[in-house]
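Labels below follow one simple rule: chain letters A, B, ... track the order of the sequence lines, proteins then strands, and each chain is numbered from 1. Note: hydrogens, waters and symmetry copies are ignored here, and every other heavy atom, side chains too, is used.
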Amino acid sequence: MPGLFLFLFFAGCDKIEPPYMTDHTGHNGAGEVTRKVLLEEFTGHQCPNCPAGHQMAKELKTLYGERLVIVSIHAGWFARVSEPPFDYDFTSPAGDELNTHFGVELYPIGMVNRKSESGSPLIGPTAWAEVVSQIIDLDPDFHIELSLNYLPEERKLEVNADIHALTASPNQYSFSAFLTEDGIISPQKINDPDYPSGVIEDYEHNHVLRKGINGTWGETLNDIAIQTGDVFSRSYSVNLDTDWIAENCNVVAFVYDSTTREVVQVEKMALP
Amino acid sequence: MNKAVRKLFAIAFAFAFFLTSPPTLKSQELLPGGRIWGNFQLEAQYYFSDSLIGAPEVPEKILMNGFGNLNFSYQGFTVGMRYESYQNPLLGYDPRYQGSGIPYRFASFSQENLEVTLGNFYEQFGSGMVFRTYEERDLGVDNAMDGLKLVYRPVDGVSMRGIIGRQRLFFDTGPGIVRGFDAQVDLNSVVPSLVESQNQWSFGGSAVSKFQRDQNPLYNLPENVAAFSGRLNFSRGAVSISSEYAHKINDPSAENNFIYKDGHALLLNASYAVSGAGLLLSAKRIDNMGFRSDRNATGNDLNINYLPPTTRQHLYSLSGMYPYATQPTGEIGFMGELNFSLPRETPLGGPFGTSVTINYSLANSLHKERVHDTIPVGQRGTKGYRSDFFRLGDEKFFEDINIEINRRFSRTLRALFSYAYITYNQNVIEGYVDKEMVYAHILIADVTHRLPQRRSIRWELQHLSTRQDNQNWAMAMLEYSIAPRWFFAVSNQYNYGNDDRDLRIHYYTLSGGYSRGGNRISLSYGKQREGIICVGGVCRQVPASNGFTLNVSSSF
C-alpha cells in the first residue's frame, strides 16, 4: 500500500521550477504564406474580468505576431451603454448577431478560428493558447491578398480581395470581411486590487469590431469543388462613421467553411 | 392559450392517466434471483418572455430535461445505464448539454473480496477534498468517471480502492486522465486488542493524479499533477472527531489564474450528541485547492475534488436567497451548531416539547502576501502569493447567524419559526467588482394545521429586510395537501422594497401535484426570480423565467 502512494507521488507529479513562462519570440512568419489564426474575443467595457482576456490575447499576439489576428467583439450585457463614464457605444450589429448566434453567456470568452470544442466554439481565455498552437502550424488552405483604397473626403473605403486556393477541397467556403479599430481610449471596468475604483479611465481598446463589411456572415465563395490554383476575387466598399479614426482602422478578412463555420485562413491589413 | 401550452397540458393529463393505472408486470419476476430497478424524471417548461423580470425570449418556447436509469443485477453482477435527453436544456443549464445519449453505463461484479466496475462510476475518497465524482441534477453537475474502479477488502476493516479514467463533460469526456488510490483502515476491526475498546479509531489516505498534455505555448505546464490527503477519525460515546488534510502540487489553471503555488486544505469536524442536545463544530482552511481534469475548465466542469461547505444550507426561499459558494482559491471557514430540546410539559417546552437550533458560520478570505515586491498577488505565471496558515485575511465572504424554533402546539398544529442574519459578499460569491456587501435579516414562520381525513394546510410567511441589492422582500405561501396523493399550493414573492418602483414585482406561482406509489406528477405556473441555487457549497445561476413547468418522476 505505501508503495502505491510512493508510485503516484513520483509518477504523478511534475514539479515545475521557474521560469514558468516560455520565451515569447520567434513565430512572426512575416513574408511567407502561412496559416494565420483568427481569435475573436467577446468582451465589454463594463466587464471587470475582460481586461484579463485582453491581456491573454496580447501575450499571444506577442508570441505569434502577424500570424494571429484578433477581433474584439463588444456585445451583450457587459457592453451596454449606460450612465457616464460608460456612455460610449462599442457595439455593432455584426457583433450583436455573432453574440446571439454563438449563445455567449459568459465574458470574457472567445473563439479560435470558430473551431468547436465539446460542441461549442466558445472557450475561455486560458484555453486560447492551446487551441492556437494546435492550428497555427498546419499548412494553409488559402492565401488572401488584400488591397485597400481609402478616399478620405468621402470617408469611403474600397476593399479588393483575391482569394487563392492552395489545396483542392469539395467543401463550400464563405468569405467575410470586418472593419476593426485600434487605440480607442475609453473607460473599462477591471477586477484588480491595483485599481480600487474598479475602473481604468483611460483604457486603450484595440481590435474593436466596427462593422461587417459584407454583412455578418459574408458571402459564399464556391458552389462547386475547389481546385488548387482557383482564385476568387471580391470587391466591396464601405463608409467609415465620423467618429472612427481611419489611421487606426484595419480590415480583417477571412475564409471559413460554410458548413462547420470553422475559419481556415485570415488576413489583416491597415488602412492606407 | 396557444398550441404549445395546450400540448403541455395534454402531456400532463396523459401522464396523470398513465400513472393512475397500476402496473401489470412486476419486473423482478423477469429472472428468478434477478432484479431490475431504475427511475425516470422529466422536467419541461413553457416559457413566456418577460422583459420586466429579465426572462429572455426562448425561441423553442418549450425546453425539456429528462433522464431514465435502468439497472439490472443478478448474483453479484450488475449492469446499468442512464439515458439523458435535453431538448433543449432548460434555461440556466449549460447549453452544451443539448442533445440525447447514454452518458452513463457500467458493468460491475464482485467476487470474494474484490469488486470491479467497468465504465462509469461515482466515487469519493474521504471527505472528497482530493477526489469526489457525483451527480447533482439541480446544479447540472455530473463529473462521473469513465474508466475502471477496483475495490479490494483483504481483511475486515481494511479497504483499498483504485480508480482510473476520464471525467464526464456533457456528452463527452474531459481531456485529462485521472488516476487515484485510497486506503481506509478501521483500527478497531484490525487490532484485536482494540475490538472491545470504546475508543473507535480509523484512518485513511488518498493519492490522486491527473495527466493533461501541455500544449500551451506561453507556459511551462505540469502535465502530471498530484494531490494527497490523510485523515484520522475518532469517536467515543457521544463524542466524534474527524480530520483531513490535503496537499496538491503546482497546478496552474484557469481557476487560479495560472499560478504555480501548491494547494492545501484542512477540514476539522467535531460533534457531541446526547439525548435531547447536540453540538457540532467545523473548521476549514482552503488554499488554492481547485483541482480539475482540464486546467482550462471553469464553472462546474470537470472538478476532481469537492470542498465541503462549513455553512448552513437554508431551505426556505428567502433565507436561501443569499447562499454561500465555497471559494476554492482560498477561504477560512468556521461553523458551530447547537441544538437542544425543551422538555414537554414545561413552561418553555409547552405540552408537546420544543426543539431549538442555533447556528453560526463564517467564511473569510485568506491572508495573502506578495511573493516579491514587484509581483502583484495572484500574478499569472508566478508562485502567486504567500499565505500564513492561521492568519485571516481582511475580507469577509459570508457570515450567518440563525436560530430555528420548532414547536408543536397541539395534536393538529405545529410551527417552525426562524430568524437569520446573513452577511453576503456579492463581489466574491457572484464575481462582481462593484456591488455592496449585503446585510439581510430574514424572518420565517412555517405553520402546519392537520385536518381530518389526512388533509393538512401549511402556510409560510417570510420576510427579508436589507438596504442593499434589491432591498426588502416578502413572501407568502399556502399549501393544501391530501396525503399521500395530492397537493395544491399558491405562493407569492414580492420585492416590495425595490428602489425602482417598476421592479416591485410579484413572483407568484400556482402549483399542484399528484403522487402514487413511486410516481409523481406536478404542474406549476408562475414567475421565477433570477437567483443562485447552491447544493453543498456548489452553485448555479438561475435566470428569471415566466411560464408553465411540468415535472414527472417515477421509480421502480
task = Report yes or no: is the cationic atom of B/Arg168 (NZ for Lys, CZ for Arg) closer than 6.0 Å to the six-membered ring centre of B/Phe171, at no more than 45° off its axis?
result = yes
message = Does the structure place the NZ or CZ of B/Lys368 under 6.0 Å from the centre of the six-membered ring of B/Tyr385, at an angle of no more than 45° from the ring's axis?
response = yes
inquiry  = Using heavy-atom distances under 4.5 Å, tell me whether B/Asp262 contacts chain A through its side chain, its backbone, both, or neither.
reply    = side chain
Under 4.5 Å from any heavy atom of chain A - which part of B/Tyr219 = both
key: Neighbour count >12 (heavy atoms, 6.0 Å) for atom CG, B/Asp394   = no
Let me know if [X] has heavy atoms under 4.5 Å from chain B in its side chain, its backbone, both or neither.
X: A/Asp192; result: neither
X: A/Leu106; result: neither
X: A/Gln55; result: both

ask   = About how many Å separate CG of A/Leu39 and NZ of A/Lys61, when rounded to the nearest 0.5 Å?
value = 10.0 Å
inquiry  = For B/Tyr245 and B/His247, take the angle between the two ring planes, folded into 0 to 90°, and tell me which bin it lands in: parallel under 30, tilted 30 to 60, perpendicular over 60.
reply    = tilted
query = Where does the angle between the aromatic ring planes of A/His54 and A/Tyr203 fall among parallel (under 30°), tilted (30 to 60°) and perpendicular (over 60°)?
reply = tilted
request  = Write out, in numerical order, the residues from residues 41-48 of chain A with a heavy atom short of 4.5 Å from a heavy atom in chain B.
outcome  = A/Pro48
query = Shortest non-hydrogen contact from B/Gln212 to B/Ser293?
reply = OE1-O, 4.0 Å
ask   = When the aromatic ring centroids of A/Tyr88 and A/Phe86 are compared, is their separation below 6.0 Å?
value = no
